[in-house]
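Read the structure below first, then the notes.
In what follows, every chain begins at residue 1, and chains take the letters A, B, ... in the order their sequences are listed.
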Amino acid sequence: MNLAVREIAERASGHLGLPPQEIYPLITSPPDEGLGDYALPCFAFAQKLRRSPAEIAKELADVLRGGQHIVNAESAGPYVNITVDRAKLMQYVLSGILSGGENYGRESDGAGKTIVIDYSSPNIARPFSIAHLRSTALGNSLKRIYEHLGYRVVGVNHLGDWGVQFGTLIAAYNRWGSQERVEQDSIYELFRLYVRFNEESERDPMLKEEARAWFKRLEDGDPEALKLWKWFVDESVQAFQRYYELLGVEFTEIRGESAYRDQMAPLIEDLLQKGIAKESQGAIVIPFEEEGLTPLIIRTKDGTTVYATRDLCSAIHHYEKYGFHKKLYVVDAGQSLHFKQLALALGKLGYPWATGLVHVPFGVMLFEDQRMSTRRGHVVFLEEVLKRSIELTRSIIDTIKKSSELTEKEKEQVAQDVGVSAIVYADLSRSRTHDINFRWDEVLNFNGQSGPYVQYTHARLAGVLRKYGKSIPSELTYSLLSHPQEISLAKCLEEFPMKVKHAAEEYEPFVVAGYLGNLAASVNQFYDNCRVLGEEPSLEEARIALVYSAKIVLKKGLELLGMKAPERM
RNA sequence: GCGCCCGUAGCUCAGUGGAUUAGAGCGCUGGCCUCCGGAGCCAGAGGUCGCAGGUUCAAGUCCUGCCGGGCGUACCA
């Protein structure tokens, strides 16, 4: 908390006889910067003290005016608008960032706590579509955000490498596949086989029976089925690694559903014995009559398991292994019911930690206003999007004068860093719950508050610092930083730690993404109004410190989103 | 039918722990490079916050009903 805000809370507290902790959260900003730096609405006090808010505001203005960090306080109806000592504010913000450096805003909230995040978790034999980016980007960013807040974070890729879909794949391969074609075009060929099987099985329902039979054989340990399964998994994982490298996404643990094969039968036994699960219509289910939910199927009438069975096992496994404080499932909103049932089932098993399971849902990705369907081919592949974004970035680089300083190799690297980040930012700059309609012209527009805009702003500041060439001065005359753009930039920088915490609380990287867009805008306004290099030395030094501080926050913010922060572009 | 999510500017969206005049980007119109990077900056036009009630001194925000869209709702994940 900055000193001025603390002083406002304390002085108001002294006058009103209310604890400062009750006042602090009420302090906001006035609608117009011209009115002051902070505002204190008095409605809550009025209710408690049974007096008119305007009257209280008037008194508080008088009380606050005497503060050390406060240069003016005016009542405006039920509000007190407060102007603080800008030099002190500037000193507070900049010295905090300069001394913290890369660790600015780092918190110890999460000390001693572990968070497991299940994200990306793609299904084998399906190339990533742009829709797969959502879970991957959200989870990756949440991982970074929680790490920044001091949590130990375990990133889990719960691969969809088990289930009846493998029966489908094996049956399809046996009918139409060839080793040669799969080796040549790996995941895309597997995908074609999968699609063809689904199409043909609509005309011929017997095919579905064939697929189920193959999955049954797989679960029973049939060597032929296992061999093919292993091969398909390996081919797919290789392709996934390509995406993850490009996106800069890493996992602590890549552990597919198949890892829980041996734990499922004992778990089902246990659930039956405890009377939590029961047989119904040939299947084994966990009923939720009291909760008013449909039952959760954990074993089909064929005797095979389903993903819910494996999710139960994985939750238990992760708790036993990591003792998590929370486990986040970054999975689309369509699976809400499933996760509700999952947590309830584990609660019935007597696990108190079941309350720590959190479904972090997100809306679906549409393409041309329609739901993407990998089966029907109405789909945009992630590789295609990244490729086009990188190409576009490359062509823009070639039109920019400043970029001629880059070597050919550097240009390629920048094109990749910026092109990929543009796609990530486009995804993370909207709140999770909305459906997103994918449109090429929107994703590939790098004007305005886009990923490249934030990166460009960072590179601009990097350019100034490079040209400055000296180390960042430590003795500064903060009072020289009094331009309105300097003040609003400093205030914006001060918000960063709060925004990161907020993002973590809401599981919303979007909060950071939106903040970064605003910060970049503030930086560019400053840049346009305030020259840095060549100014009178003490002013130049002060502005350099501001530039450096802004660069640190931009870079950190980009990292929290899983984006790159190139020094030149 | 029931449950969850969504409905704010032409488009994409913030704002939904009530509170000073509802914000941003795109697109459109018009300005700004002798000056640290124009992927930039400035200005303008553009709104019955889905509809109707209710609670409140105060509602885009809370409650109820309705309309429109999406998803889920027992053997897919």
So what does A/G514 hit on the nucleic acid, given a heavy-atom distance under 4.0 Å: a base, only sugar-phosphate, or nothing?
-> nothing

Whole-Å distance, A/R432 CZ to B/rC5 P, equals 12 Å

Tell me what A/C530 touches on the nucleic acid: a base, only sugar-phosphate, or nothing, going by heavy atoms under 4.0 Å.
-> base

Answer yes or no: does a side-chain N or O of A/R466 lie under 4.0 Å from OP1 or OP2 of B/rG37?
-> no

Partner of B/rC4 by Watson-Crick or G-U wobble geometry, both contacts under 3.5 Å, or none?
-> B/rG70

Picking from B/rA39, B/rG3, B/rG40, the nucleotide nearest the side-chain atoms of A/P452 would be B/rA39

Using a 4.0 Å heavy-atom cut-off across all strands, classify A/I397 as base, sugar-phosphate, or nothing.
-> base

Look at all strands and tell whether A/D332 reaches a base, only sugar-phosphate, or nothing, counting heavy atoms closer than 4.0 Å.
-> nothing

Could you give the distance separating B/rA9 and B/rA22 at their P atoms, to the nearest angstrom?
-> 15 Å

Is the distance from OP1 or OP2 of B/rC36 to the nearest side-chain N or O of A/Y548 less than 4.0 Å?
-> no

Watson-Crick or G-U wobble partner of B/rC51, both distances under 3.5 Å | B/rG65

Choose from B/rU20, B/rG70, B/rG15 the nucleotide whose nearest atom is closest to any side-chain atom of A/D435.
-> B/rG70

Could you work out the separation of B/rC26 and B/rU34 based on their P atoms and round it to a whole Å?
-> 24 Å

Going by modelled atom types, is there a donor-acceptor pair between the base of B/rA74 and the side chain of A/S280 at under 3.5 Å?
-> yes

Listed nucleotide nearest any side-chain atom of A/T393, set B/rA39, B/rC75, B/rG37 = B/rA39

Examine A/R51 relative to A/F45 and say whether NZ or CZ is less than 6.0 Å from the centre of the six-membered ring and inside a 45° cone about the ring axis.
-> no

Whole angstrom is fine here: how far is it from CG in A/L558 over to C1' in B/rA39?
-> 14 Å

State whether A/N445 places a side-chain N or O below 4.0 Å from either non-bridging phosphate oxygen (OP1 or OP2) of B/rG27.
-> yes

Closest to the 5' end of RNA chain B, once A/A44 and A/A333 are matched to their nearest nucleotides, is A/A44

Same-atom distance (P) from B/rC51 to B/rA39, integer angstrom | 42 Å

Ring-face cation of A/R255 near A/Y260 (centre distance under 6.0 Å, axis angle within 45°) = yes

Quick check, are the ring centers of A/Y515 and A/H502 under 6.0 angstrom apart?
-> no

Please measure how far the P atom in B/rC5 lies from the corresponding atom in B/rC42, and state the result in whole Å.
-> 38 Å

Main-chain N/O of A/L35 paired to A/N81 side chain as donor or acceptor, under 3.5 Å = no

Touch check for A/I400, heavy atoms < 4.0 angstrom, all strands: base, sugar-phosphate only, or nothing?
-> base

Per atom distances to the A/N447 side chain, the nearest of B/rG37, B/rG72, B/rC26 is B/rC26

Is it true that A/E410 and A/R568 have a side-chain N and a carboxylate O under 4.0 angstrom from each other?
-> no

In the strands shown, is B/rG18 matched to any nucleotide by a Watson-Crick or G-U wobble pair with both distances under 3.5 Å, and which?
-> none

Under a 4.0 Å N-O cut-off, is there an ion pair linking A/R261 with A/E219?
-> no

Of the candidate nucleotides B/rG15, B/rC75, B/rG40, which contains the atom at the shortest distance from the side chain of A/F510?
-> B/rG15

What nucleic acid atoms does A/G334 come within less than 4.0 Å of, heavy atoms only: base, sugar-phosphate, or nothing?
-> sugar-phosphate

Pairing nucleotide - B/rG37, Watson-Crick or G-U, each distance under 3.5 Å | none

Using a cut-off of 4.0 Å on non-hydrogen atoms, how would the nucleic acid contact of A/E567 be classed: base, sugar-phosphate, or nothing?
-> base

Using a cut-off of 4.0 Å on non-hydrogen atoms, how would the nucleic acid contact of A/E257 be classed: base, sugar-phosphate, or nothing?
-> sugar-phosphate

A/S450 versus A/N447, side-chain donor and acceptor atoms under 3.5 Å | no

Of the candidates B/rU20, B/rG40, B/rC75, the side chain of A/K301 sits closest to B/rC75

Of the candidate nucleotides B/rC6, B/rG27, B/rG40, which contains the atom at the shortest distance from the side chain of A/H434?
-> B/rC6

Rounded distance (Å) that lies between atom P of B/rU73 and atom CG of A/L342 = 15 Å

Across the strands shown, which category fits A/S336 at heavy-atom distances under 4.0 angstrom: base, sugar-phosphate, nothing?
-> nothing

In whole angstroms, the gap separating C1' of B/rC6 from CD1 of A/I436 amounts to 13 Å

Given the P atoms of B/rG68 and B/rU55, what is the spacing between them in whole Å?
-> 28 Å

Opposite nucleotide pairing with B/rG30, Watson-Crick or G-U, both atom distances under 3.5 Å = B/rC42

Name the closest nucleotide to the A/V285 side chain, picking from B/rA39, B/rA74, B/rG37.
-> B/rA74

Ring centroid separation for A/Y329 and A/F339, is it under 6.0 angstrom?
-> yes

Any Lys/Arg nitrogen of A/E495 or A/K491 sitting under 4.0 Å from an Asp/Glu carboxylate oxygen of the other?
-> no

A/M569 has its side chain closest, among B/rC41, B/rA77, B/rA39, to B/rA39

Electrostatic pair A/D302:A/R212 at N-O distance under 4.0 angstrom = yes

B/rA77 OP1/OP2 closer than 4.0 Å to side-chain N/O of A/R310 | yes

A/R531, nearest nucleotide to its side chain (from B/rC75, B/rC35, B/rG25) | B/rC35

Would you say a side-chain N or O of A/Q335 is under 4.0 Å from OP1 or OP2 of B/rG72?
-> no

Check every strand shown and say whether A/R126 touches a base, only sugar-phosphate, or nothing at a heavy-atom separation below 4.0 Å.
-> nothing

State the syn/anti category of B/rC33 according to its glycosidic angle, syn meaning within 90° of 0.
-> syn

Distance, P atom - from B/rG46 to B/rC41, rounded to whole angstrom | 23 Å

P atom, B/rG44 versus B/rG69: distance in rounded Å?
-> 39 Å

Sticking with atom C1', work out how far B/rG50 lies from B/rA58, rounded to a whole angstrom.
-> 23 Å

Identify whether any heavy atom of A/A308 sits under 4.0 Å from a base atom; if not, whether one sits that close to sugar-phosphate; answer base, sugar-phosphate or nothing.
-> nothing

Taking CG from A/L344 and P from B/rG3, how many angstroms apart are they, rounded to a whole number?
-> 17 Å

Closer to the 5' end of RNA chain B via nearest nucleotide, is it A/F446 or A/W162?
-> A/F446

Below 4.0 Å: OP1/OP2 of B/rG37 and any side-chain N or O of A/K467 = yes

What is the nucleic acid contact for A/R430, judged by heavy atoms within less than 4.0 Å: base, sugar-phosphate only, or nothing?
-> sugar-phosphate

Tell me what A/R568 touches on the nucleic acid: a base, only sugar-phosphate, or nothing, going by heavy atoms under 4.0 Å.
-> base

Across the strands shown, which category fits A/V164 at heavy-atom distances under 4.0 angstrom: base, sugar-phosphate, nothing?
-> sugar-phosphate

Phosphate OP1/OP2 of B/rA77 contacted by A/Y307 side-chain N/O (<4.0 Å) | no

Now, which nucleotide makes the Watson-Crick or G-U wobble pair with B/rA59, with each of the two distances under 3.5 Å?
-> none

Quick one: do the A/E405 and A/S403 side chains pair a donor with an acceptor below 3.5 Å?
-> no

